[in-house]
2 protein chains.
Amino acid sequence: MLKISKKADYALMALQHIALVQFGDVTPGRVVNTKEIAEEYNIPLELLAKVLQTLAKNGLIESHNGPKGGYLLARSTRQITIAQILEGIEGPLGITDCSHEKEGELCLQREHCNIRTPLLKVQDSIYQLLNNMTLQDMMGGTPLITIQSPTAQGVAQ
Amino acid sequence: MLKISKKADYALMALQHIALVQFGDVTPGRVVNTKEIAEEYNIPLELLAKVLQTLAKNGLIESHNGPKGGYLLARSTRQITIAQILEGIEGPLGITDCSHEKEGELCLQREHCNIRTPLLKVQDSIYQLLNNMTLQDMMGGTPLITIQSPTAQGVAQ
DNA sequence: TTTAGTCCGACCTTATTGATCGGAGATCAT
DNA sequence: ATGATCTCCGATCAATAAGGTCGGACTAAA
């Protein structure tokens, strides 16, 4: 229960990888493309592409078009929270259907529902949890495995 | 994202209702049947029946067969946690696919996956959250929720 | 201008959830 | 004991969401 989607999983892996490349000590500053990540983690290329597009649209990463293009983090690893990443892919956090219920679309149970308020408190606690953890917290001490890409070798000095 | 299922919602409502009837001051000790709950909260009867059956099978409530039959809480409201209820309906908590991965069924990303460990810590924090809140907390005053950010504990591997 | 790469949206396939049906078994009233 | 009523429980169906795929348009570097 409470499982996050594969897309969200892929997003976390991809962002962590980009962060490692961008701020790691191997080839700092290098731009990362979709193919590199897909091959490194065995993620279907097209699906990952869509995930990255979504992340770019939500302002978490910047896309650079054309050859030698790819993605870069839009801001520092401490300014990107897990909540932002997950919400960027899966939409706003809502443990129950009525979490973001607008006026006029009440659920059938709402009239006598006594569990909404406590559940919203639980939801809020989970959000704080996810929003207090950043990309930086997910990359400590993890070694970056470099890949042999002709493109990458050409760029790295 | 992270939405719980309708069945789980129904389970929470039903258990709260049973608890109110059983320990409330109107008709204490009365047995509650499926139909009563379904009508009160506009829940499809057969679906609720299956939810209650599952809860009974998991030892959260006791079923009494035949006419004048129905359900009773198996233990006190303070001994039934939200985690127990949700897990009884939706299965064990697992925010990622590999949460309960058995030997030999590694996911394709596992080889280079660096996000598993921090995610498991997040999952553990959510579990504590849900397991520290009981049915009792959903019946009266404001639920007491304590969270502990995994970041503070040093989530990075 | 060519070429490699990203961008974007439509599409399909599968899995999960929500909901339904019909009978078996158990209990109480008569 | 017997019937009527109610819960139990498995099998099944439909709707929705997730996972994954395809083809073409656009962009920038060589």
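Here is how names work: the chains are called A, B, and so on, in the same order as the sequence lines, proteins then strands, and each is numbered from 1. The basis for the numbers below is simple: all heavy atoms, side chains too, and nothing from hydrogens, waters or symmetry mates.
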Discussion item. Among A:E36, A:Q22, A:E40, exactly one meets side-chain hydrogen bond (donor to acceptor under 3.5 Å, both in side chains) together with A:H17. Which residue is that?
Written reply: A:E36
Discussion item. Please give me every residue in residues 46-58 of chain A whose heavy atoms get under 4.0 Å of an atom in DNA chain D, ordered by residue number.
Written reply: A:E46, A:L47, A:K50
Worksheet entry | Audit row: A:L73, A:F23, side-chain contact (heavy atoms from CB on, under 4.5 Å) steps and yes/no | CA-CA 10 Å; A:L73 293 188; A:F23 300 107; 3.9 Å; yes
Worksheet item: Over how many whole Å does the gap from B:I89 atom CD1 to C:dT16 atom C1' extend?
Response: 16 Å
Worksheet item: Where do B:L55 and B:A11 come nearest, in terms of heavy atoms and distance?
Response: CD1-CB, 4.0 Å
Discussion item. Please enumerate all residues that pass ring pair (Phe, Tyr, Trp, His ring centres under 6.0 Å) together with A:Y10, with sequence neighbours excluded.
Written reply: none
Discussion item. Without decimals, in angstroms, what is the distance between B:D97 CG and C:dA15 P?
Written reply: 13 Å
Worksheet item: Closest approach of B:A19 and B:M139, non-hydrogen atoms and distance?
Response: CB-SD, 3.8 Å
Worksheet, complete the sentence: What one should report as the nearest heavy-atom pair of B:S99 and B:Q123 is OG-OE1, 2.7 Å
Discussion item. With a cut-off of less than 4.0 Å, is there a side-chain N or O of B:N33 near OP1 or OP2 of D:dT7?
Written reply: yes
Response to the item:
What residues 3-15 of chain A contributes to the DNA chain C interface at heavy-atom separation below 4.0 Å is none
Worksheet item: Roughly, in whole Å, what's the span from CG in B:L45 to C1' in D:dT7?
Response: 11 Å
Item to complete: Please state how far atom CD in B:E62 lies from atom C1' in D:dT7, giving the value in whole angstrom units.
Response: 15 Å
Item to complete: Assign a letter to each nucleotide of nucleotides 25-30 of chain D from its 5' end: B, base within under 4.0 Å of a protein heavy atom; S, sugar-phosphate only; -, no contact.
Response: --BB--
Item to complete: Round to the nearest Å and state the distance from A:L2 atom CG to C:dT17 atom P.
Response: 11 Å
Fill in: Which atom of A:L52 lies closest to which atom of A:I61, heavy atoms considered
O-CD1, 3.5 Å
Fill in: Side-chain donor-acceptor contact under 3.5 Å, B:T96 with A:D9
yes
Fill in: Rounded distance (Å) that lies between atom P of D:dA18 and atom CD of A:E90
7 Å
Practice prompt. Mind checking side-chain hydrogen bond (donor to acceptor under 3.5 Å, both in side chains) for A:T54 and listing every partner two or more places apart, or none if nothing turns up?
Written response: none
Item to complete: Check each of A:L72, A:L20, A:I37 against A:V32 using the side-chain contact (heavy atoms from CB on, under 4.5 Å) test, and report the only one that passes.
Response: A:I37
Response to the item:
For B:N42, the side-chain hydrogen bond (donor to acceptor under 3.5 Å, both in side chains) test, sequence neighbours excluded, returns none
